[in-house]
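Whatever order the structure lists them in is the order used to number ligands and atoms, beginning at 1.
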Amino acid sequence: MVRIDAALPFAFGFDPAATALVVIDMQRDFIEPSGFGETLGNDVSLLQAIVPTTAAMLAFCRAKGMTVIHTRECHRPDLSDLPSSKRDRGTPRLRIGDHGPMGRILVAGEEGAEIIPELAPITGELVIDKPGKGAFYATSLAEYLAENRISKLILAGVTTEVCVQTTMREANDRGYDCLLIEDATESYFPEFKRVTLEMIRAQGGIVGWTARFAQLERAWHD
Ligand code: C5J
């Protein structure tokens with residue numbers, strides 16, 4: 001058992017064999033200039049800042065033999081899994097499915113939908129393509145976790161208040177204890193990140209726990 005005493009709102013304990021690291025949507029379309037995130041008017045450098053910590057955490061968890069799962073927010077090339085409510089909302093320069101500098105926006109198999117090279121999945125790691133914000137909706141994630149007897153999740157990725165928080169809430173409702181790594185998640189809106197972290201650990205950890213990567217690392221070395 002590993003116990004992170006410094007986690008908030010109180011210590012988070014986990015059995016590494018029954019825990020998975022879930023890295024959410026670290027895709028070129030969200031993180032690199034000229035991707036979907038930038039076409040929505042966002043400053044992607046904010047998200048780029050967490051790449052070194054997330055890469056270090058990935059390497060650490062792999063070295064420990066932990067189950068690693070990656071997700072990608074993307075749609076089938078025929079867009080049959082893209083509701084018009086999602087495609088048509090707002091006034092972005094490019095919509096999901098449109099042709100952009102990194103191929104069709106958020107479409108499976110296109111360059112922009114790929115995970116950034118620094119965090120690329122390795123053989124044996126599950127990659128979940130998800131049409132929604134949450135990683136459980138319309139995916140095989142629940143079955144995979146059950147088959148692999150995973151009961152706790154450690155989360156990282158982007159964006160904190162959208163796909164990360166949605167996934168964490170979905171997992172929490174399904175009975176998983178979830179820990180979000182504070183310096184391996186980011187938002188285009190720093191205030192949204194701050195408030196999301198507070199919201200997660202409020203009321204005795206109503207959605208879960210948060211901790212910094214160094215705190216996880218220290219606890220696991222001890
Ligand atoms: C968004 C995500 N923000 N991965 N997607 O649309 O959080």
Side-chain angles (χ1 to χ4, degrees), residues 21-51 53-54 58 68-76 79 81-98 100 102-108 110-116 118-121 126-139 141 153-172 178 180-197 199-200 207-208 210:
L21 171 66
V22 185
V23 184
I24 307 279
D25 300 358
M26 292 299 283
Q27 296 161 258
R28 300 186 64 189
D29 260 332
F30 293 117
I31 291 166
E32 293 188 2
S34 80
F36 186 49
E38 195 173 77
T39 68
L40 291 171
N42 298 305
D43 172 6
V44 295
S45 68
L46 288 164
L47 272 49
Q48 286 167 354
I50 63 158
V51 172
T53 304
T54 311
L58 201 46
V68 175
I69 299 167
H70 305 258
T71 71
R72 301 185 291 206
E73 181 178 352
C74 61
H75 296 273
R76 296 188 195 120
L79 304 184
D81 58 355
L82 175 62
S84 56
S85 58
K86 184 174 180 184
R87 178 171 159 84
D88 297 340
R89 195 163 304 162
T91 52
R93 191 154 42 85
L94 291 171
R95 293 185 187 277
I96 297 172
D98 288 350
M102 291 193 283
R104 293 179 68 202
I105 301 285
L106 289 190
V107 168
E110 302 285 338
E111 264 177 70
E114 293 303 324
I115 292 169
I116 58 169
E118 299 92 319
L119 304 177
L126 178 69
V127 180
I128 295 271
D129 283 349
K130 60 184 185 62
K133 302 305 182 194
F136 286 83
Y137 169 68
T139 73
L141 180 58
L153 303 179
I154 297 178
L155 291 112
V158 298
T159 60
T160 315
E161 77 283 10
V162 185
C163 291
V164 175
Q165 182 178 208
T166 304
T167 298
M168 202 163 167
R169 286 175 181 272
E170 284 182 331
N172 189 49
C178 298
L180 176 57
I181 302 300
E182 297 168 23
D183 44 350
T185 184
E186 198 46 85
S187 170
Y188 297 120
F189 307 93
E191 183 65 0
F192 288 179
K193 173 179 175 177
R194 187 185 66 73
V195 171
T196 301
L197 295 178
M199 197 184 288
I200 283 166
V207 180
T210 76

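Closest to atom 2 (C) of ligand 1, if we only count protein heavy atoms, is Cys163 SG, 2.8 Å. The protein heavy-atom contact nearest to atom 3 (N) of ligand 1 is Thr159 OG1, 3.4 Å. Considering only non-hydrogen protein atoms, atom 5 (N) of ligand 1 sits nearest to Glu73 OE1, 2.9 Å.
For the pair Lys133 and ligand 1, a heavy-atom separation below 4.0 Å is found.
The side chain to side chain contact (heavy atoms under 4.5 Å, CB included) test with Glu186 is passed by exactly one of Thr53, Ile50, Val44: Ile50.
Ligand 1 places these atoms under 4.0 Å from at least one heavy atom of Val162: 1 (C), 3 (N), 7 (O).
Residue Asp25 touches ligand 1 through its side chain alone, judged by heavy-atom distances below 4.0 Å.
Between Leu197 and Leu180, some side-chain heavy-atom pair lies under the 4.5 Å cut-off. Counting only heavy atoms from C-beta outward, the side chains of Ile96 and Phe36 approach each other to under 4.5 Å. Residues Asp29 and Met102 have side chains in contact (heavy-atom distance under 4.5 Å, counting atoms from C-beta outward). With contacts defined as side-chain heavy-atom distances shorter than 4.5 Å, the pair Leu106/Gln27 qualifies. Residues Thr160 and Gln165 have side chains not in contact (no heavy-atom distance under 4.5 Å, counting atoms from C-beta outward).
The shortest N/O to N/O separation between Lys130 and ligand 1 does not fall below 3.5 Å. For ligand 1, the polar-atom distance check against Phe30 finds no nitrogen or oxygen pair separated by under 3.5 Å. The shortest N/O to N/O separation between Val158 and ligand 1 falls below 3.5 Å.
Between Asp25 and Lys130 there is a salt bridge, with a side-chain nitrogen of the basic residue lying less than 4.0 Å from a carboxylate oxygen of the acidic one.
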